[in-house]
There are 2 protein chains.
Amino acid sequence: MISLKQLHYALAVEKTLHFKKAADACHVSQSALSTAIIELEKQLGSTIFERNNKQVLITSNGQLILNKAKIVKRELDELVQLSQSNKQAFINPMTIGVIPTIGPYLLPKVLPEVRQQHPNFKLKIIEEQSHVLVDMVRTGDIDAAILALPFPIDGLMSFDFWQEDFYWVSHKDECPSQLKEITSEELEIDKLMLLKDGHCLKDHALAACSMRNDKQDTDFDSASLHTLIQMVAGKLGTTLVPQMALDQLIYDESEIRAIHLNEPGPHRTIALIIRPNYVRTNELTQLRDIFNQQLTKKCC
Amino acid sequence: MISLKQLHYALAVEKTLHFKKAADACHVSQSALSTAIIELEKQLGSTIFERNNKQVLITSNGQLILNKAKIVKRELDELVQLSQSNKQAFINPMTIGVIPTIGPYLLPKVLPEVRQQHPNFKLKIIEEQSHVLVDMVRTGDIDAAILALPFPIDGLMSFDFWQEDFYWVSHKDECPSQLKEITSEELEIDKLMLLKDGHCLKDHALAACSMRNDKQDTDFDSASLHTLIQMVAGKLGTTLVPQMALDQLIYDESEIRAIHLNEPGPHRTIALIIRPNYVRTNELTQLRDIFNQQLTKKCC
DNA sequence: AGACGTTGATAACGGAGATTTATGATTTCA
DNA sequence: TGAAATCATAAATCTCCGTTATCAACGTCT
């Protein structure tokens with residue numbers, strides 16, 4: 001029977017590519033580790049490491065085995081977490097990834113409430129683009145990610161908690177004062193400025209207007225919504241922003257106006273993304289409820 | 001350190017709800033199993049089983065732990081498979097699920113070639129509806145499933161290998177003889193007969209026609225395409241069938257005709273569904289290639 | 001009620017397997 | 001050529017897991 005110890009040792013060797021160092025890392029003798037690896041390879045019927053006195057290499061097959069071993073280890077870690085986490089929720093720290101077009105607008109609305117309800121809960125936030133976060137969720141680097149859907153999340157699960165539309169943002173001088181709604185047909189495409197490629201917000205905005213992302217509107221691709229708004233204020237063009245960002249980007253006294261984009265919606269769905277089999281769903285659904293509650297309170 | 005043995009024992013207790021029987025099933029003494037369980041619970045810091053001399057109950061928390069233990073066990077099983085499977089593909093048996101509206105049409109086209117290329121490969125096929133197969137893939141009961149997409153497969157992965165359109169099938173007496181294409185607008189909805197609810201083919205057919213599945217077209221809901229075709233032959237109405245079924249359902253000399261449904265497509269995508277982390281992807285992609293090859297050869 | 005069988009827990013003992021220390025075979029490098 | 005470093009191997013040791021035997025608590029049957 002293959003043991004976890006063997007897998008543990010093998011993973012240490014993968015890291016160090018060195019039996020002695022791996023043995024030290026595992027706090028056992030080089031001999032013990034060596035025999036354990038040999039026994040593992042014997043039980044599996046295939047070599048994981050090609051080794052001589054000079055260097056240690058990983059077999060292609062061995063790499064697959066090691067990858068799987070990581071998964072086994074991660075699942076077992078989660079099993080241990082499970083017993084603690086379910087007895088005492090919001091004790092263990094948690095890391096959640098969030099994309100740049102959600103983080104700055106969602107977190108100020110919801111984190112105070114999270115902090116109030118769970119004062120000792122250590123919630124770490126990282127900000128990356130969607131595809132990076134999806135990878136990190138897959139590998140277990142982070143517990144969950146907050147993304148805007150639709151986005152390809154093959155093999156992952158989503159908890160939706162918010163849906164919203166886009167608003168067309170323009171300088172008041174360039175906007176008919178009585179206008180309450182606008183359709184994509186009425187948009188002047190030439191003046192529309194969006195985030196640079198890689199930000200899913202751009203794709204969702206274009207999708208809401210039933211447009212493709214094939215034309216190269218290079219000149220004004222920006223890296224943040226704040227910058228875009230500044231450019232609108234400078235009469236350089238117009239843009240589309242999601243509902244949750246409105247209150248931070250646009251003040252009553254400002255020169256710019258936001259008009260609801262009247263296209264079939266919702267234009268984007270905000271969701272928590274997790275691996276299937278992830279264990280701290282109890283805490284995550286509670287977080288989702290807080291998020292939804294606060295958004296409903298502050299966005300509408 | 002938690003050991004696999006402990007998890008194995010715990011799962012045996014879950015099955016039998018009886019320490020002695022579980023011990024027998026594991027081929028160890030009741031004592032050994034008992035101490036192992038006690039030690040496991042101690043290491044986890046929470047009880048899995050509430051037990052007295054009369055009965056054994058599973059804690060709610062314990063159930064979560066046991067579910068996770070099953071996952072750990074499955075992943076480890078796959079790790080073992082990995083080393084064999086990659087050295088010698090198509091040696092270990094494999095079970096694939098397929099839905100009723102694909103199996104009878106796809107398998108005759110592809111299985112002979114699979115058999116020819118891999119004479120000793122034991123491929124077991126089961127036939128169920130999509131949602132059943134999705135569950136079985138999730139739990140690891142089957143290696144993979146062949147479904148028609150779109151279908152909700154949260155947390156699973158898909159390998160597409162075929163896309164096809166629907167054809168409108170009618171009795172030649174009820175079909176203009178020169179008609180080469182037909183749109184959903186031109187279909188006489190009243191005469192259209194589809195499979196009964198639960199078959200995804202019905203949903204895909206309706207989606208291809210941009211129709212909802214809310215009306216109760218009860219009278220003629222059938223359980224198989226063959227039956228539907230028989231009903232068309234009896235002039236009871238018309239139906240929609242996917243491309244891959246045409247050659248089996250319709251003969252040159254028959255009284256019925258098939259006309260391509262001219263709506264934006266593809267109308268359904270055939271894909272292999274697996275769990276993320278599933279290990280025999282090498283063999284599956286080879287199978288997919290065979291499927292695609294044979295379909296291209298025989299469907300076009 | 002009392003004998004008996006059943007339940008899971010516990011104690012003492014024994015052995016298989018893992019670990020350690022010591023050593024070997026081979027290569028690298030000075 | 002010799003010292004240092006590599007992973008493998010051998011023998012001694014020890015830890016841990018299994019067994020048997022027993023216990024306490026509960027049910028059942030006469």
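Keep in mind that the numbers below use all heavy atoms, side chains included, and drop hydrogens, waters and symmetry copies.
- Between B:Gln117 and B:Ile290 there is a side-chain heavy-atom pair separated by less than 4.5 Å.
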remark   = Nucleotide by nucleotide, nucleotides 17-30 of chain C touches protein heavy atoms under 4.0 Å in the pattern (B base, S sugar-phosphate only, - none) -SSBB----BSS--

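- The footprint of chain B on DNA chain D, defined by a heavy-atom cutoff below 4.0 Å, extends from D:dC17 to D:dC26.
- Put simply, the side chain of B:Leu147 reaches to within 4.5 Å of the side chain of B:Leu133, judged on heavy atoms.
- Distance, B:Leu57 CG to C:dG8 P: 12 Å, rounded to whole Å.
- With salt bridges taken as basic N to acidic carboxylate O contacts below 4.0 Å, one links A:Glu14 and A:Lys70.
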Donor-acceptor contacts under 3.5 Å from residues 25-38 of chain B side chains, at least two apart:
unit_1: B:Ser29; atom_1: OG; unit_2: B:Ala32; atom_2: N; d: 3.1
unit_1: B:Thr35; atom_1: OG1; unit_2: B:Ser31; atom_2: O; d: 3.2
unit_1: B:Thr35; atom_1: OG1; unit_2: B:Ala32; atom_2: O; d: 2.8

request  = Start with the C-alpha distance between A:Arg275 and A:Glu75, add both sets of side-chain angles, then the distance that settles side-chain contact (heavy atoms from CB on, under 4.5 Å), and finish with yes or no.
outcome  = CA-CA 11 Å; A:Arg275 280 183 302 108; A:Glu75 295 293 334; 3.4 Å; yes

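- Salt-bridge check for A:Lys20 with A:Asp24: passed, with a basic side-chain N closer than 4.0 Å to an acidic carboxylate O.
- Atom CD1 in B:Ile38 sits roughly 13 Å away from atom C1' in C:dA11 (whole-Å rounding).
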message = Pair B:Glu41, B:Arg51 - check salt bridge (Lys or Arg N to Asp or Glu O under 4.0 Å), show working.
response = CA-CA 13 Å; B:Glu41 290 180 322; B:Arg51 48 203 186 272; 2.9 Å; yes

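- Annotation: side chain of A:Met94 is in contact with side chain of A:Phe121 (closest heavy-atom distance under 4.5 Å).
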